[in-house]
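Since the structure comes first, as structure tokens, the remarks are kept for the end.
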Amino acid sequence: MKNKPFLLVANWKMNPLTLKEADRIIKSLEKGIRAMNKKDFFQKIDLVVCPPSVFLGRLPNSSGFNWGIQNIHWETRGAFTGELSVKMAEDARCQYAIVGHSERRKFFGEKDQGVNQKILSVLGGNLNPILCIGETKEEREQNKTNDVVKNQIYQALQNVSALNLPRIAIAYEPVWAISNMSNPAIQSSNNTYLNTADSPDDVMGVTILIRKILSQMYRSDITKKTKILYGGSVSQRNIDGFLDTDILDGLLIGGASLSMFEFLPIIKSCYENRSK
Ligand code: PEP
């Protein structure tokens with residue numbers, strides 16, 4: 001797997017609040033990458049920054065990372081107030097689109113059917129979808145993780161041709177593991193498993209399951225080209241555990257991607273792991 005670049009996706013969510021601040025973050029990101037002084041950096045790491053859409057196309061990018069949009073509509077154009085189409089994202093220099101993030105499912109009522117429509121629409125254009133899946137706390141406690149993951153993948157990939165699998169990344173993001181870093185109430189409580197990132201062992205198990213589901217669905221070797229990512233409270237403290245599994249093709253980083261104190265060490269660890 002180490003022959004393909006590691007996909008590192010920075011999801012800024014609804015942060016920061018101004019273009020000026022976004023610009024400052026991008027400039028320190030670029031400075032940090034330059035300071036690493038690695039000529040092969042972008043051969044090893046496919047870094048994708050997903051800022052709020054209003055900042056897309058307005059931020060500097062002299063170093064060579066990619067842009068992604070956090071959400072997309074499935075229609076190509078028309079009377080859909082507040083929505084953005086694939087063509088618009090492409091025009092704003094995006095190469096990737098996050099689809100089905102659990103915050104979209106939870107707060108905006110996104111259902112598997114809509115997620116499937118978005119995946120098809122993204123694949124119909126020139127963007128690469130990053131499909132987010134994962135179980136809730138209740139589902140994990142009821143041992144339903146495997147069923148939930150299987151169902152979400154089957155539904156999201158309805159009518160998706162095997163030829164498109166190399167363009168797709170599937171991010172396993174247990175809902176209960178997301179955003180725990182930025183929640184001080186949770187940070188200060190006891191470290192039970194539901195208060196932190198998932199464990200590398202469990203992520204490994206689900207990654208193997210996702211590969212199995214894909215090969216059952218497509219019965220083709222091409223499923224190996226689909227990238228599988230983990231996301232959920234990854235930080236510089238826990239990253240090595242995930243990288244050591246040697247099974248992931250990438251990571252989706254939310255909160256930690258906004259602070260260069262956190263994000264640059266994460267990037268460095270990914271690069272070093274890819275260079276072993
Ligand atoms: C995310 O937004 O998908 C995510 C993983 O967030 P965080 O890293 O903050 O948990």
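Note that ligands are numbered from 1 as they come in the structure, with each ligand's atoms numbered from 1 the same way. Just so it is clear, the model here is predicted, and its values are computed rather than measured.
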>> Working to the nearest 0.5 angstrom, can you tell me the gap between Tyr96 OH and Ile130 CD1?
In response: 7.0 Å
> Can you list the ligand 1 atoms lying under 4.0 Å from a non-hydrogen atom of Ile178?
Replying inline: 4 (C), 6 (O), 10 (O)
>> Would you say Glu272 and Ser269 are linked by a side-chain donor-acceptor pair, where the criterion is simply a distance under 3.5 Å?
In response: no
>> What I want to know is whether Asn180 and ligand 1 share at least one N or O pair that is separated by under 3.5 angstrom.
In response: no
>> A side-chain contact here means heavy atoms from C-beta on lying under 4.5 Å apart; do Ile253 and Phe263 qualify?
In response: yes
>> If you count heavy atoms of other groups shown closer than 6.0 angstrom to CD of Glu21, is the number above 12?
In response: yes
> Counting from 1, what ligand 1 atoms have a heavy atom of Leu252 closer than 4.0 Å?
Replying inline: 1 (C), 3 (O), 5 (C)
>> Could you tell me, atom by atom, which parts of ligand 1 come under 4.0 Å of a heavy atom of Ser179?
In response: 7 (P), 9 (O), 10 (O)
>> Under 4.0 Å from a heavy atom of Gly255: which atoms of ligand 1 are those, numbered in the order shown and with their elements?
In response: 7 (P), 8 (O), 9 (O)
> Tell me, do Leu229 and Tyr172 make a side-chain contact under 4.5 Å, heavy atoms counted?
Replying inline: no
>> Nearest non-hydrogen contact with atom 7 (P) of ligand 1 belongs to which option: Gly254, Ser257, Ala256?
In response: Gly254
> Would you call Glu110 and Lys118 a salt bridge, taking side-chain N to carboxylate O under 4.0 Å as the test?
Replying inline: yes
> Which atoms of ligand 1 are found less than 4.0 Å from any heavy atom of Gly232?
Replying inline: 5 (C), 10 (O)
>> Tell me whether Glu103 has any N or O atom under 3.5 angstrom from an N or O of ligand 1.
In response: no
